[in-house]
Colleague: 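Can you read through this structure? Questions will come right after.
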Amino acid sequence: MAVRNRQLAALAFFILMAVAHSWPLASDPARLARLDNHDAEVLTWTVAWVAHALPRQPLALFEAPIFFPEHHSLAFSEHMFVPSVIGAPLLWAGASPVLVYNLLIIAGLALSGWSMYLLMRRWTGSEWAGIIAGLVYAFNAHVLTRFVHLQAQHVEFFPLMVYALDRVFVDQRRRDAVLLAAAFVLQALCSNYLLVFMTYAVLVALIVRWREIGAARFELLIAGILVAIALVPFLWPYFQVNREHGLARTADVVTQYNASWRDYLATGGRIHFAWWSQRFYEGRTALFPGVTALVLALVAVTSRSMIRDPRVRMTIAIGAVGLAFSFGTALPGYALAHDYLPLLNGLRNVARWGWLPLASIAILAGFGVATVQKWRGAWRLVPAILAVLVTVEALRAPVGFTPAYDVPRLYDRFAGEQDAVVAEFPFYSGANVSLNGPYVFANTRYFKPLLNGYSSFHPETFEARGRALNSFPGDAALAELKAAHVTRVLVHTRRYERTVLDKIDAVPQLQFETEEDGIRLYRLK
């Protein structure tokens, strides 16, 4: 009972820290958001779509309504299945997508810190080692500069996976193999990037601990089979999209997202940013781990007793591989690896590999705290001071959330129309495709087919459609709308000149119905 109470107290602590690091989000989670960023609009839609589809058409989950009439359009970007499932009951109860998205941010931060706490508490026997490792892990520079991307906050299953992998090596129990598979799958279904990171983390661990593979080979095989069975239904749509449209990224595209040494000096933490880091921050992936965390990790690495621990060596190797891969094509041989190693060509922003060294430093920092506590004459308040230092270094709050905008009620009328197929104008494609973000977010009110779309990938068929629709209200655009069986056309009047609006009104095939909030609704005859 005492252990459970400590664990619950730790969970409450990490919830409070999640609220603090994301403040003022918790002060008004139904209204504050990052919908000023189009990625947030699409990811909020993703969470809402998964919750909408699961009870109605679970086998057609990837046949999402955006980018109509393309197939498997959910596979054009992250499906975020696990975070969406966590938030689904709230959406089914009537909560708004914005509220659910914000609560999932706080939950992801809290659960990630708590999960790392449980791992390091188990590995070291030190309460403070768990707390500090959890703080470093959940509230690092990378996570706290990506509130737009919900999947960045949901890394709560990685510590469980590392724990289960170690138990498989040590005890060779089937239940640990099942736990390993479950943790891997759950983390992989939070983000495609994390799927790749977890895969290579496990491969590196197997290499480092190859002497232990023989005794655990059967359990590792069980885990691998279970992972394959669970992930195939989610990977198959991506395979089909890649076969049809070429989802893989070329090495030239990857080069634009290489990390450099500057990324590892970039942080949004207010103290460091104001003092020195602002010169490295602009346009960078924030990967600075913090001075306190680095010192604690160094303590662990230089400790003779710790470096003999296979868990420490495994952690160092995982971080080293993530560090190397984050430099992308600037790393000699990476371009070749990109073409031939599994899964690498599916990643665009390779700088995000830098999350693995940050995760590794969190684990090593936990070992470092445990080492410090064993020093003769160590002051009892040292761990508490270290926890404060880690928090102060990372603190970025108050975060710049903005008031969420309301979706016009005009969109509600499509929810009851069985044959509704919607197109919104201006129709954005090419370099401006992200401007479709508000259209995608509005789709959460009706979830009917929408020609518009925005994601990290958009196929050439969509681009060709966009080129035709750019002539709207010309004949080529009308023909494209007819071919896609569009029934409803929305025109955002504030984005057109009066002469163009007059031309639209003069098109016989477009029957004007109403205008609300600067949006004209037409029925395509």
Side-chain angles (χ1 to χ4, degrees), residues 1-18 20-21 109-140 155-167 169-171 176 179 183 205 289-316 318-319 357-394:
M1 183 63 69
V3 172
R4 179 174 296 180
N5 288 340
R6 285 200 302 269
Q7 292 174 349
L8 292 177
L11 176 58
F13 169 76
F14 281 106
I15 292 173
L16 289 174
M17 294 306 300
H21 279 284
L109 292 170
L111 290 173
S112 297
W114 188 55
S115 178
M116 182 59 75
Y117 157 82
L118 293 175
L119 172 69
M120 296 312 299
R121 176 69 177 80
R122 179 65 66 91
W123 274 2
T124 66
S126 166
E127 199 79 19
W128 280 112
I131 289 173
I132 292 173
L135 290 172
V136 175
Y137 180 69
F139 309 110
N140 61 58
V155 290
E156 60 264 37
F157 302 105
F158 173 70
L160 181 61
M161 186 199 79
V162 172
Y163 169 77
L165 180 60
D166 177 67
R167 298 325 304 163
F169 283 132
V170 174
D171 295 329
D176 291 324
L179 181 62
V291 175
T292 307
L294 281 173
V295 170
L296 289 171
L298 185 62
V299 168
V301 171
T302 56
S303 169
R304 291 184 179 181
S305 61
M306 287 296 179
I307 202 63
R308 288 195 293 265
D309 190 326
R311 297 170 299 185
V312 172
R313 296 198 302 271
M314 177 178 72
T315 301
I316 294 172
I318 290 172
L358 292 179
S360 298
I361 286 172
I363 295 174
L364 294 174
F367 280 116
V369 172
T371 301
V372 169
Q373 288 183 293
K374 294 176 183 177
W375 288 350
R376 183 176 301 176
W379 191 25
R380 288 185 179 182
L381 289 180
V382 166
I385 294 172
L386 292 172
V388 171
L389 289 175
V390 164
T391 300
V392 170
E393 283 195 72

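From a predicted model like this one, the values you see are computed outputs, not experimental measurements.
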Colleague: How far apart are the closest heavy atoms of R304 and I307, and which atoms are they?
Modeller: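 The pair with the smallest heavy-atom distance is O-CG2, 3.4 Å.
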Colleague: Please report the interatomic distance CG(L109) to CD1(I15), rounded to the nearest 0.5 Å.
Modeller: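 One finds 11.5 Å between CG of L109 and CD1 of I15.
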Colleague: State, to 0.1 Å, how close M120 and A133 come at their nearest heavy-atom pair, and which atoms those are.
Modeller: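 Answer, listing the atom of M120 first, then A133: CG-CB, 3.5 Å.
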Colleague: Ignoring hydrogens and angles, tell me if any N or O in the side chain of Q373 forms a donor-acceptor pair with the backbone of S126 under 3.5 Å.
Modeller: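 No, because the side chain of Q373 does not come within donor-acceptor range (under 3.5 Å) of the backbone of S126.
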Colleague: Taking everything shown except R6 itself, do over 12 heavy atoms lie less than 6.0 Å from its CZ?
Modeller: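 Atom CZ in R6 is packed in, count exceeds 12.
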Colleague: side-chain hydrogen bond (donor to acceptor under 3.5 Å, both in side chains) with T371: which residues, sequence neighbours excluded?
Modeller: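 side-chain hydrogen bond (donor to acceptor under 3.5 Å, both in side chains) check on T371 returns nothing, list empty.
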Colleague: Roughly how far apart are L389 CG and L296 CG, rounded to 0.5 Å?
Modeller: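 One gets 9.0 Å once the value is rounded to the nearest 0.5 Å.
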Colleague: Got a second to check how far M17's CE is from F139's CZ, nearest 0.5 Å?
Modeller: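 Nearest 0.5 Å value for the CE-CZ distance: 6.0 Å.
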Colleague: Report yes or no: does Q7 contribute a side-chain atom to a donor-acceptor pair with the main-chain N or O of L118 at less than 3.5 Å?
Modeller: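 Side chain of Q7 to backbone of L118, a donor-acceptor pair under 3.5 Å: no, none is there.
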Colleague: To the nearest 0.5 Å, what is the distance between CZ (R311) and CG (D166)?
Modeller: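 Here the interatomic distance stands at 5.5 Å.
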Colleague: Could you tell me whether the side chain of T391 reaches within less than 4.5 Å of the side chain of H21, counting heavy atoms only?
Modeller: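 In contact.
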Colleague: Go through the steps to decide whether L294 and L298 satisfy the test side chain to side chain contact (heavy atoms under 4.5 Å, CB included), and finish with yes or no.
Modeller: CA-CA 6 Å; L294 281 173; L298 185 62; over 6 Å; no
Colleague: OG1 of T124 to CE of M306: how many Å apart, nearest 0.5 Å?
Modeller: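 T124 OG1 to M306 CE: 7.5 Å, rounded to 0.5 Å.
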Colleague: Looking at every non-hydrogen atom in both residues, tell me the closest pair between W128 and A387 and how far apart they are.
Modeller: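 Between these two residues, the closest heavy atoms are CZ3-CB, 3.9 Å.
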Colleague: Between Y117 and F14, how do the two ring planes meet: parallel, tilted or perpendicular, split at 30° and 60°?
Modeller: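 Ring orientation, 0 to 90° scale: tilted.
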Colleague: Residues in side-chain contact (heavy atoms from CB on, under 4.5 Å) with V392, at least two apart?
Modeller: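 So V392 forms a side-chain contact (heavy atoms from CB on, under 4.5 Å) with I271, V388.
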Colleague: I need the L165 CG to L179 CG distance, nearest 0.5 Å.
Modeller: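 It is 10.5 Å, given to the nearest 0.5 Å.
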Colleague: If we only count heavy atoms from C-beta on, is the F158 to L119 side-chain gap below 4.5 Å?
Modeller: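 F158 vs L119: side chains apart.
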Colleague: Distance-only, no hydrogens or angles: does the S115 side chain make a donor-acceptor pair with backbone N or O of L111 under 3.5 Å?
Modeller: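 No; zero donor-acceptor contacts below 3.5 Å.
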Colleague: Any non-hydrogen side-chain atom of D309 less than 4.5 Å from a side-chain atom of W123?
Modeller: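 No, every pair of side-chain atoms sits at 4.5 Å or beyond.
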Colleague: Just so I know, are the side chains of M116 and V136 near enough to count as touching, which here means a heavy-atom distance under 4.5 Å?
Modeller: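 Answer no - side chains too far apart.
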Colleague: Quick one: are Y137 and V155 in side-chain contact, heavy atoms under 4.5 Å?
Modeller: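 Answer yes - side chains close enough.
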Colleague: Name every donor-acceptor pair, under 3.5 Å, that has one atom in a side chain of residues 360-370 and the other anywhere in the protein, sequence neighbours excluded.
Modeller:
from	atom 1	to	atom 2	distance (Å)
S360	OG	T315	O	3.1
S360	OG	G319	N	3.1
S360	OG	L356	O	3.0

